[in-house]
Amino acid sequence: MTPGPNPSRILITGATGFVGRWLLPALQTAYPAAALLTPAFDITDELACDAALEAACPDAIVHLAAIAAPSDARRDPARAWAVNLHGALALARATLRHAPQATFLFAGSADCYGATFRRGTALDEDAPLAPQSAYAATKAAADLALGAMVPDGLRLVRARPFNHTGPGQSDAFVVPAFAHQVARIEAHLAQGLQPPELHVGALDPERDLLDVRDVARAYALMLGADLAPGTVLNLASGQPRRVGDILDALLARAGVLATIRTDQTRLRPGDIPRTAGDATRARTLLGWAPVIPWEHTVADVLDDWRHRVTVA
């Protein structure tokens, strides 16, 4: 990694969200002298973006704020477009007006590759974007629209992380959705929460999965690297895992036997059979690779939901 100047004032949008809660300590570790700025403002309001950027005077921005759950974007696509595309553009325009020298890190999504995954190979950053859901379309549009602002002076770097999970994630996502049900089944005898029956979607798809803490570390590294404006980096493990095997691992860890029932409402039309990413560029430019063992991630997600079920 070629080092760049360490940021001294980092503005983070979406800091209270799932990734944000892990990014803040990663930034504190990487840049202990930096001020971490987490103002609350509406990114869909251009005047609010202007005020926030003018007050913060950041030299780095990490844009996490988004409608992040595909199911939420599917239910309210107008809101997803307003936040994920137009909010990102409002923030970028405010950055050019008030902090033009700031590095602007956009947290995109590998979901943008969509139908291109059907090639069956691990995709690098040059793979065509072919989104197949409202969420993926909004993130792809933002990725491309922000890229078009680089000639205007936006010091943009783009991350395309593959699916990532960890403690604190909503059960709108597959791994915590399984872990939540397993934890409730564990507690069934004591609290009567849920009989030994799991409701699931498709179990055969394979997904390239990461621990959120590895993703947060990559974002911190991106801010300190001398990356050319417009750079895109995949963040991926390169090791797809079958969704059903993840469920089996959670059940085995809990020592739970359960009946598995397919819930039609959890099935996604046109679901991609397999996703796999090539993160060679991130290894080359950042020296980054996932380091948290998948078994550790699974254990932490289950423990997180055991705690939530206990205190609920």
Where do Leu227 and Leu233 land on the side-chain contact (heavy atoms from CB on, under 4.5 Å) test, with the steps shown first? CA-CA 10 Å; Leu227 300 176; Leu233 295 180; 4.2 Å; yes
Which atom of Leu129 lies closest to which atom of Ala140, heavy atoms considered: CD1-CB, 4.2 Å
Output for pair (Gln239 CD, Trp294 CH2), nearest 0.5 Å, gives 11.0 Å
Please determine whether side-chain contact (heavy atoms from CB on, under 4.5 Å) holds for the pair Val200 and Phe178, giving the CA-CA distance in whole Å, both sets of side-chain angles, and the decisive distance to 0.1 Å. CA-CA 8 Å; Val200 304; Phe178 289 163; 3.7 Å; yes
Same apolar cluster: Ile67 and Leu64, side chain cutoff 4.5 Å: no
Ignoring hydrogens and angles, tell me if any N or O in the side chain of Asn84 forms a donor-acceptor pair with the backbone of Thr138 under 3.5 Å. no
Asp300/Arg213 salt bridge by N-O under 4.0 Å criterion: yes
Would you check if Leu251 and Ile260 make a side-chain contact, meaning some heavy-atom pair closer than 4.5 Å? yes
Is any side-chain N of the basic residue among Arg207 and Asp245 closer than 4.0 Å to the acidic one's carboxylate O? no
For the hydrophobic clusters of this structure (ILVMFWY residues joined by side-chain heavy atoms under 4.5 Å, transitively), does one cluster hold both Tyr113 and Phe106? no
Group every Ile, Leu, Val, Met, Phe, Trp and Tyr by side-chain heavy-atom contacts under 4.5 Å, then state whether Val83 and Val19 land in the same group. no
Shortest non-hydrogen pair, Gly114 vs Ile272, comes out as O-CD1, 3.5 Å
Compare all side-chain heavy atoms of Leu85 with those of Leu89 and state whether any distance is below 4.5 angstrom. yes
Short question: side chain of Asn6, backbone of Tyr31 - any donor-acceptor pair under 3.5 Å? no
Are Leu105 and Val215 co-members of a hydrophobic cluster defined by side-chain heavy atoms under 4.5 Å apart? yes
Going by the ring pair (Phe, Tyr, Trp, His ring centres under 6.0 Å) test, which pairs reach into residues 123-163, not counting sequence neighbours? Phe117-Phe162
Would you say the side-chain atoms of Gln181 pair up with the backbone N or O of His199, donor to acceptor, closer than 3.5 Å? yes
Would you give the length of the straight line joining atom CG of Leu210 to atom CZ of Arg217, rounded to the nearest 0.5 angstrom? 10.0 Å
Nearest heavy-atom approach of Ala159 to Leu235 is CB-CD1, 4.2 Å
Test item: Leu203 and Arg242 side chains (from C-beta on) under 4.5 Å apart, heavy atoms: yes
Mind running side-chain contact (heavy atoms from CB on, under 4.5 Å) on Leu24 and Thr38 for me, showing each step along the way? CA-CA 10 Å; Leu24 292 179; Thr38 60; 4.1 Å; yes
Scanning both residues in full, the closest heavy-atom pair of Ala107 with Tyr219 reads CB-OH, 3.5 Å
What I want to find out is whether Arg306 reaches Glu186 closely enough, with some N-O distance under 4.0 Å, to be called a salt bridge. yes
Pair Thr13, Val62 - check side-chain contact (heavy atoms from CB on, under 4.5 Å), show working. CA-CA 6 Å; Thr13 70; Val62 184; over 6 Å; no
Within-4.5 Å side-chain heavy-atom neighbours: Asp211 and His164: no
Measure the OG1-CD1 distance between Thr297 and Ile292 for me, rounded to the nearest 0.5 Å. 5.5 Å
Mind checking whether Leu96 and Asp152 have side chains closer than 4.5 Å, heavy atoms only? yes
Can you name the residues that form a salt bridge (Lys or Arg N to Asp or Glu O under 4.0 Å) with Asp126, not counting sequence neighbours? Arg281
So, Arg158 and Asp143, do they make that salt bridge, N to O below 4.0 Å? yes
Ion pair present between Asp76 and Arg79, side-chain N to carboxylate O less than 4.0 angstrom? no
Side chain proximity check, Pro167 to Trp22, heavy atoms < 4.5 angstrom: yes
Can you check whether Val174 reaches Ile246 side chain to side chain, under 4.5 Å on heavy atoms? no
Main-chain N/O of Thr280 paired with Thr284 side-chain donor or acceptor, under 3.5 Å: yes
Within the side chain of Thr275, is there an N or O that forms a donor-acceptor pair under 3.5 Å with the backbone of Asp208? yes
Could you tell me which residues satisfy side-chain hydrogen bond (donor to acceptor under 3.5 Å, both in side chains) with His86, sequence neighbours excluded, listed by chain and number? none
Euclidean distance, Arg261 CZ relative to Glu197 CD, rounded to 0.5 Å: 4.0 Å
Is there a donor-acceptor pair closer than 3.5 Å between any side-chain N or O of Arg9 and the backbone N or O of Leu36? no
Does any N or O in the side chain of Asp171 come within less than 3.5 Å of the main-chain N or O of His180, such that one atom is a donor and the other an acceptor? no
Quick one: does Lys139's side chain have a donor or acceptor within less than 3.5 Å of a partner on Ala134's backbone? no
Under a 3.5 Å distance rule, please check whether Glu206 uses its side chain to pair with a backbone N or O of Arg241 as donor and acceptor. no
Heavy-atom pair with the smallest gap, counting every atom of Leu91 and Ile61: CD2-CG2, 4.2 Å
What heavy-atom pair brings Pro7 and Leu223 nearest, and what distance separates the two atoms? CD-O, 4.1 Å
Could you see if Ile185 belongs to whatever hydrophobic cluster contains Val301? Use Ile, Leu, Val, Met, Phe, Trp, Tyr and a side-chain cutoff under 4.5 Å. yes
Can you measure from CG (Leu156) to CG (Leu154) and round to the nearest 0.5 angstrom? 5.0 Å
Pairwise distance SG(Cys49) to CZ(Phe41) - rounded to 0.5 angstrom: 5.0 Å
Would you say the side chain of Thr116 lies within less than 4.5 Å of the side chain of Arg119, judging by non-hydrogen atoms? yes
Strictly distance-based, threshold 3.5 Å: is any side-chain N or O of Asp304 a donor or acceptor partner for the main-chain N or O of Gly168? yes
Could you tell me whether Glu46 and Arg93 make a salt bridge, using a distance below 4.0 angstrom between a side-chain N and a carboxylate O? yes
